[in-house]
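First the structure, in the form of structure tokens, and then the observations on it.
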Amino acid sequence: MKDRLKSIIEHSLTALIEQGKLPPLDLPEVKVERTKDKSHGDFACNIAMVLARSAKMNPRQIASLLVDSFSDVDFITAVEIAGPGFINFTLSSDTTQQIVKEVLDKADQFGRSTIGQGKSVQVEFVSANPTGPLHVGHGRGAAFGSAVSSLLKEAGFSVHREYYVNDAGRQMDILATSVWLRYLEACGQQLVFPSNGYRGAYVFDIAAQLKNEFGDKFVKSVGDVFTDIPDDEPQGGDKELHIDALIAKANTLLGEAAYREVFNAGLTSILSDIRADLSDFGSDYDEWFSERSLMESGVVDQVIEQLKQADMLYQEQGAWWFKSTEFGDEKDRVVVRDNGQTTYFASDIAYHLNKYQRGFDTVIDVWGSDHHGYIPRVKASLAAMQQDTERLKVLLVQFAVLYRGSEKVAMSTRSGEFVTLRELREEVGRDAARFFYVLRSADQHMDFDLELAKSQSNDNPVYYVQYAHARVCSVFRQLTERGMSWDKAAGEAELNKLVASHEQDLLTMLARYPEVIESAATNYTPHLVAHYLMDLARDFHTYYNAHQFIIDDVALSQARLTLIAAVRQVITNGLTVLGVSAPEVM
RNA sequence: GCGCCUGUAGCUCAGUUGGAUAGAGUGUCAGUUUCCGAAACUGAAGGUCACAGGUUCGAUUCCUGUCAGGCGCGCCA
């Protein structure tokens with residue numbers, strides 16, 4: 001509808017210029033927007049005010065010329081000039097009413113558009129290191145990432161959801177060593193656990209599993225393990241040096257093959273836990289991409305070679321540095337350490353190049369906002385390889401600050417003091433958790449009060465929306481119980497009976513849904529959908545309290561039932577986009 | 001110190017890319033069931049849009065500065 005109005009206005013403008021009634025001028029994009037106040041009609045256009053300056057004319061005068069030149073169209077009943085020069089359009093009630101038919105015809109397709117033109121988008125989200133279970137901080141990225149993916153799909157993009165598995169690197173070695181040390185303890189040995197190791201309960205579980213499966217295969221004497229290891233921090237040493245030495249010792253004592261077995265035990269256990277967790281949370285993926293595969297296939301080395309050839313790397317103090325400052329980064333970044341190991345950043349360059357080479361039109365990274373400083377160097381690396389950095393979009397998600405009542409909860413994976421995503425899901429439910437996460441815009445800090453979410457979960461807005469859906473279902477159940485039925489065709493033929501103000505509000509609300517989806521998709525803002533659903537639910541509840549649906553006037557009754565059937569459909573569609581269920585009974 | 005983000009009702013947050021009288025939830029107060037589900041509805045109260053300038057027909061929105069908070073600034077990931 002916006003587009004139709006737009007083209008009418010554009011035609012009139014060009015006609016007026018040709019007729020010499022308006023001076024020749026460059027036409028800006030015509031914007032037609034929904035009004036926020038009903039008294040201003042359904043749509044408004046501000047073009048007259050926008051043009052006033054360049055045309056050197058009074059905006060109301062321009063508006064008046066435009067309005068006079070509009071040809072009559074059947075779907076508009078009133079065109080008015082208001083305020084400083086707005087042109088307000090009022091739709092015919094017949095046009096407004098037909099949205100019900102459209103919703104029911106398109107059903108779960110209602111809201112789909114083709115603005116994505118089938119272009120391919122890759123969305124990478126969560127990608128937490130497999131060094132421990134997902135915690136509530138990851139939940140927001142999971143809910144946001146999959147909601148954005150669903151939105152893009154609705155908008156006509158071809159979407160590929162991906163999880164980047166950091167199954168290589170130092171953090172994984174720390175995990176492997178932590179598992180091994182816990183295993184040694186499980187085998188009856190006494191030791192002082194490194195302060196920088198992973199202390200979570202799941203490490204004990206993996207160690208116990210290891211012992212079950214392999215017996216004493218990996219047992220070495222603790223005396224040997226801690227020989228020639230520099231002091232840990234509590235003993236006045238450096239915790240990083242301490243843990244690195246332990247990793248090296250694990251490698252030499254166990255040998256490469258056995259070390260790899262311990263390493264993989266930790267990796268596969270945690271990764272399968274993460275996969276199950278995300279799946280249960282309703283965040284599904286098309287691909288799990290392994291960092292190790294990039295290293296083992298030599299892609300990382302190739303990329304480094306490519307950058308060397310392009311004179312983008314230089315050697316200093318034994319390390320290889322990437323000249324990211326030449327592309328706007330604050331400082332140059334190391335890609336190969338002096339000990340010969342490639343950095344995480346080197347893998348990431350290779351990974352992003354790989355994404356580009358797979359041919360995605362747009363590559364989206366969903367990152368925690370604490371990684372924002374990372375954006376310039378990744379973009380720099382792509383620029384250095386003559387890639388179009390505009391294809392990469394990084395969406396930052398602020399972490400939810402967790403509260404227990406009024407007390408802030410300290411979060412640390414290493415110390416094992418965190419609330420897992422699984423715990424959250426079990427306590428507040430998947431629907432409430434997902435809805436809560438996407439209720440706020442992603443770039444906004446969010447306070448997540450566990451006590452509130454747990455103890456007063458009935459106050460969560462998700463129930464308000466779901467209840468509206470269940471209520472519609474309930475009406476149809478009631479209808480059946482009374483031996484009556486809903487006749488869709490009859491209802492659609494009687495839509496002109498829907499003239500009450502509550503009905504008009506609902507009709508307008510339904511018509512807005514595709515616009516909301518489009519806006520939410522193009523701006524990567526799923527919270528708009530959550531807010532829309534709350535608005536729609538409110539209008540429905542208000543309507544419910546003001547009018548009866550099952551009444552003696554058969555024609556009106558069928559029209560109303562048809563309307564609320566459409567409401568039910570749109571609630572279902574919207575909740576589905578957010579990964580939230582639409583229960584028939586609550 | 002530098003960079004990015006944020007500052008809107010008591011609290012948690014929206015605000016249609018610069019538009020008309022700044023909104024919702026929650027909390028507080030006052031009401032609504034012989035009626036399809038009261039997990040609902042109606043009404044009231046609640047604001048110097050952090051502060052000060054600037055840009056223009058018009059600013060919560062854009063620019064500058066100040067103040068306050070968060071995050072980042074490793075041969076970690």
Side-chain angles (χ1 to χ4, degrees), chain A residues 31 33-37 39-40 44 46 49-50 52-53 58-59 82-86 88 128-129 131 166 168-172 174 196 240 291 316-321 330-331 333-345 347-348 368-376 396 398-399 401 439-441 443-449 452 456-468 470-479 481-482 512 515-516 519 522-523 525 527-528 530-531 534-535 537-538 540-551 557 560-561 564 585-586:
Chain A
K31 282 182 197 162
E33 274 157 3
R34 281 200 182 269
T35 55
K36 16 180 175 179
D37 191 331
S39 66
H40 298 140
N46 67 348
M49 289 175 291
V50 174
R53 169 171 285 265
N58 181 313
F86 289 103
N88 293 337
N129 283 350
T131 53
N166 294 114
R170 181 162 171 269
Q171 291 306 320
M172 286 306 295
I174 294 176
N196 213 18
E240 307 290 351
E291 177 187 5
E316 191 176 291
Q317 293 178 344
W320 284 94
W321 298 71
E330 288 175 2
K331 52 175 292 191
R333 310 289 175 176
V334 171
V335 288
V336 185
R337 295 206 266 161
D338 60 1
N339 64 8
Q341 284 187 335
T342 56
T343 60
Y344 174 89
F345 178 45
S347 298
D348 233 14
S369 62
D370 55 336
H371 284 67
H372 72 258
Y374 210 75
I375 299 172
L396 296 176
Q398 294 281 347
F399 279 125
V401 182
L439 194 55
R440 280 39 167 133
S441 65
D443 58 7
Q444 194 73 28
H445 300 103
M446 186 175 114
D447 287 349
F448 201 130
D449 185 343
L452 190 77
Q456 301 186 0
S457 61
N458 278 359
D459 289 340
N460 193 303
V462 69
Y463 295 108
Y464 185 77
V465 177
Q466 289 181 319
Y467 181 51
R471 253 185 160 177
V472 176
C473 295
S474 176
V475 170
F476 284 100
R477 279 194 300 273
Q478 186 65 224
L479 192 68
E481 278 174 27
R482 296 190 196 178
R512 273 187 52 206
E515 298 163 18
V516 170
S519 172
T522 53
N523 294 302
T525 48
H527 74 277
L528 293 182
H531 283 272
M534 290 170 66
D535 290 343
R538 185 182 317 107
F540 170 74
H541 286 309
T542 299
Y543 181 44
Y544 184 98
N545 278 56
H547 295 280
Q548 289 279 114
F549 309 128
I550 305 173
I551 49 176
S557 179
R560 287 179 172 173
L561 289 169
I564 65 172
V585 182
M586 294 173 67

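Order of the sequence lines fixes the chain letters, A, B, ..., with proteins taken first and strands second; residue numbering starts at 1 for each chain. Computation of the quantities below employed the complete heavy-atom set of this structure, encompassing side-chain atoms and omitting hydrogens, waters and symmetry-equivalent molecules.
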Enumerate the protein-to-nucleotides 11-15 of chain B contacts in which both atoms are nitrogen or oxygen and the separation is below 3.5 Å.
unit_1, atom_1, unit_2, atom_2, d
B:rU12, O2', A:Arg440, NH2, 2.6
B:rC13, OP1, A:His445, O, 3.1
B:rC13, OP1, A:Asp447, N, 3.0
B:rC13, O2', A:Arg440, NH1, 3.2
B:rA14, OP1, A:Ser441, N, 2.9
B:rA14, OP1, A:Ser441, OG, 2.7
B:rG15, OP1, A:His527, NE2, 3.1

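- Within 90° of 0 lies the glycosidic angle of B:rU33, which makes this nucleotide syn.
- Between the side chain of A:His372 and the base of B:rG3, a donor-acceptor pair under 3.5 Å is found.
- Scored by the ring pair (Phe, Tyr, Trp, His ring centres under 6.0 Å) test, A:His445 finds no partners at all (sequence neighbours excluded).
- If you check every strand for non-hydrogen atoms under 4.0 Å, A:Ala319 touches a base.
- Summarising the geometry, the separation between OH on A:Tyr463 and P on B:rG25 is reported as 19 Å, rounded to the nearest angstrom.
- For the P atoms, the distance from B:rC76 to B:rA14 is 37 Å, rounded to whole Å.
- When rounded to the nearest whole Å, the span between OH of A:Tyr464 and C1' of B:rA38 equals 12 Å.
- If you take atom C1' in B:rA50 and the same atom in B:rC5, they sit 16 Å apart, rounded to whole Å.
- Residue-level contact check: A:Ser474 touches the bases, meaning some heavy atom is under 4.0 Å from a base atom.
- For the C1' atom pair drawn from B:rA20 and B:rU66, the interatomic distance equals 32 Å after rounding to whole Å.
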Symbol by symbol from the 5' end, with Watson-Crick or G-U pairs under 3.5 Å, [ ] crossing and | another strand, RNA chain B is (((((((..((((.....[...)))).(((((.......))))).....(((((..]....))))))))))))....
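- Rounded to an integer number of Å, the gap from A:Asn460 CG to B:rG25 C1' is 11 Å.
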